[in-house]
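Note: hydrogens, waters and symmetry copies are ignored here, and every other heavy atom, side chains too, is used. One is the number of the first residue; the rest follow in order along the sequence.
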Amino acid sequence: MKKQWITTIFTLVFAVSLVAAAYHEAEARAGGGRSFGSRGSRTYSAPSRTVNPYQSRPQASPTSPQQPFPQAQPQRQGGSFLRGLAGGVLGGLLGGMLFRSLGFAGPGAGGIGIFDILLIGGVLYLIYRFVASRRRETAQTSGYGAQQTWRQAESVEPPPRQYGFGQTAQAAPVDETSFGLAHVRQMDGSFDENRFKETAQDIFFRVQGAWTRRDLSPVADLLTPEMQVTFRQQIDELKAAGTINRLENISVREVNITEAWQEEGRDYLTVRLLASILDYTTDESGKVVSGSDSAPVKFEEYWTFSRPVGPNPWKLSAIQQA
């Protein structure tokens with residue numbers, strides 16, 4: 001029992017040490033590996049990842065031809081034969097009666113007899129049955145065609161819809177990032193996405209350098225007032241502890257715009273940064289107290305930049321961890 005208690009205590013101590021080490025590692029690089037700053041109404045929402053809104057939509061297979069719309073069914077030959085037969089019999093009866101009434105019939109021929117009446121009635125009944133049958137067939141064919149047409153129309157992709165500002169998008173779902181970028185371009189004709197990503201990457205490197213030097217003054221004009229206050233507090237903590245967070249061999253692997261929107265007269269753009277870096281902390285004498293000065297670490301962060309709407313300089317307004 002005593003050995004079990006000792007094993008349990010050592011396990012707990014080891015687990016607490018791991019948590020403390022992980023927390024200490026999280027306090028590295030610019031901003032201490034924390035989420036802070038302002039993103040307008042999205043301040044407390046998770047950062048949006050880059051997603052193609054049409055990727056999950058099922059696409060029609062190019063090798064499977066579309067089913068043609070139902071064609072009108074050809075009329076049956078039997079129908080034409082019955083119509084001709086009925087017309088011939090009825091015409092013959094009417095002609096015979098006319099001839100008899102005019103006296104051209106042979107001797108002994110009288111007026112309309114009971115046989116003539118029955119024959120006429122039978123022919124008229126056949127005509128009625130034929131017309132009713134054709135109407136039913138026409139109604140069924142029209143209903144089937146309408147149903148197939150509806151199914152075909154339902155399976156066809158809707159055509160692209162123009163949203164203005166030079167952007168073309170499908171009716172659903174709406175690509176909010178492209179829509180937000182269109183608004184930014186509308187108010188700033190010189191805006192270019194690639195140039196902005198270069199600007200964001202440049203600010204990223206400059207802020208990391210200022211963080212290592214524990215001197216925020218060279219990048220103060222690149223930060224919103226709120227970000228300046230937070231960074232200064234964190235740098236003051238480093239100075240009070242007598243430590244320096246050193247960042248070396250920074251390599252940015254990916255820079256992607258993941259969010260773009262406007263609110264209350266301001267533009268907001270969020271950039272996903274995937275980078276690797278040598279991230280370690282030393283004391284004032286240069287001795288490594290945490291991290292590794294030889295093994296780079298990879299991290300993913302979302303940096304949000306804001307500015308007044310229009311061709312104004314961008315400033316870092318928030319950092320969020322992935």
Q: Could you name each residue pair satisfying side-chain hydrogen bond (donor to acceptor under 3.5 Å, both in side chains) that touches residues 220-229, not counting sequence neighbours?
A: Gln228-Arg232
Q) Between Asp267 and Gln262, what is the shortest heavy-atom contact and its length? A) OD1-NE2, 2.6 Å
For [X], enumerate each residue passing the side-chain contact (heavy atoms from CB on, under 4.5 Å) test, keeping only those at least two apart in sequence or located in another chain.
X: Phe299; answer: Arg29, Phe204, Ala275, Ile277, Glu301
X: Asp188; answer: Ser190, Phe191, Arg307, Pro311
X: Ala241; answer: Thr243
X: Lys197; answer: Asn194, Val255, Ile257

Polar side-chain atom of [X] near backbone of [Y] as donor-acceptor pair, under 3.5 Å:
X: Asn245; Y: Ala30; answer: no
X: Thr230; Y: Met227; answer: no
X: Ser317; Y: Ser38; answer: yes
X: Asn312; Y: Pro308; answer: yes
X: Ser251; Y: Ser276; answer: no
X: Gln321; Y: Arg34; answer: yes

Q: Sort and list the pairs that fulfil salt bridge (Lys or Arg N to Asp or Glu O under 4.0 Å) and have at least one residue in residues 249-265, not counting sequence neighbours.
A: Arg39-Glu259, Arg42-Glu259, Glu254-Arg272
Q. What pairs of residues pass the salt bridge (Lys or Arg N to Asp or Glu O under 4.0 Å) test when at least one of them lies in residues 208-218, not counting sequence neighbours?
A. Arg214-Glu284
Q: May I ask you to list the residues sharing a hydrophobic cluster with Tyr268, side-chain cutoff 4.5 Å, ordered by chain and number?
A: Trp261
Q: List, by chain and number, the other hydrophobic cluster members for Val309, where Ile, Leu, Val, Met, Phe, Trp and Tyr join if side-chain heavy atoms come within less than 4.5 Å, directly or indirectly.
A: Met187
Starting at [atom1] of [X], measure out to [atom2] of [Y] and round the result to the nearest 0.5 Å.
X: Arg185; Y: His183; atom1: CZ; atom2: NE2; value: 11.0 Å
X: Asp293; Y: Thr281; atom1: CG; atom2: OG1; value: 11.0 Å
X: Leu269; Y: Glu193; atom1: CG; atom2: CD; value: 9.0 Å
X: Ile244; Y: Thr282; atom1: CD1; atom2: OG1; value: 4.5 Å
X: Asp279; Y: Ser290; atom1: CG; atom2: OG; value: 8.0 Å
X: Tyr302; Y: Asn256; atom1: OH; atom2: CG; value: 9.0 Å

Q | Side chains of Val252 and Phe205 in contact at under 4.5 Å (non-hydrogen atoms) | A | yes
Q. Are any non-hydrogen side-chain atoms of Leu316 and Trp303 less than 4.5 angstrom apart?
A. yes
When you group the ILVMFWY residues by side-chain heavy-atom contacts below 4.5 Å and let the links chain together, are [Y] and [X] in the same group?
X: Ile250; Y: Leu222; answer: yes
X: Leu216; Y: Leu238; answer: yes
X: Ile319; Y: Trp314; answer: yes

Q: Enumerate the residue pairs fulfilling ring-ring contact (aromatic ring centres under 6.0 Å, His included) with a member in residues 227-246, sequence neighbours excluded, ordered by first and then second residue.
A: Phe36-Phe231
**Q.** Partner of Phe196 by side chain to side chain contact (heavy atoms under 4.5 Å, CB included), out of Val184, Leu181, Val271
**A.** Val271
Q.
Within the 3.5 Å criterion, strictly below it, is a donor on Ser285 or Asp283 matched to an acceptor on the partner's side chain?
A. yes
Q: Check side-chain hydrogen bond (donor to acceptor under 3.5 Å, both in side chains) between Thr199 and all other residues, then give those that pass, not counting sequence neighbours.
A: none
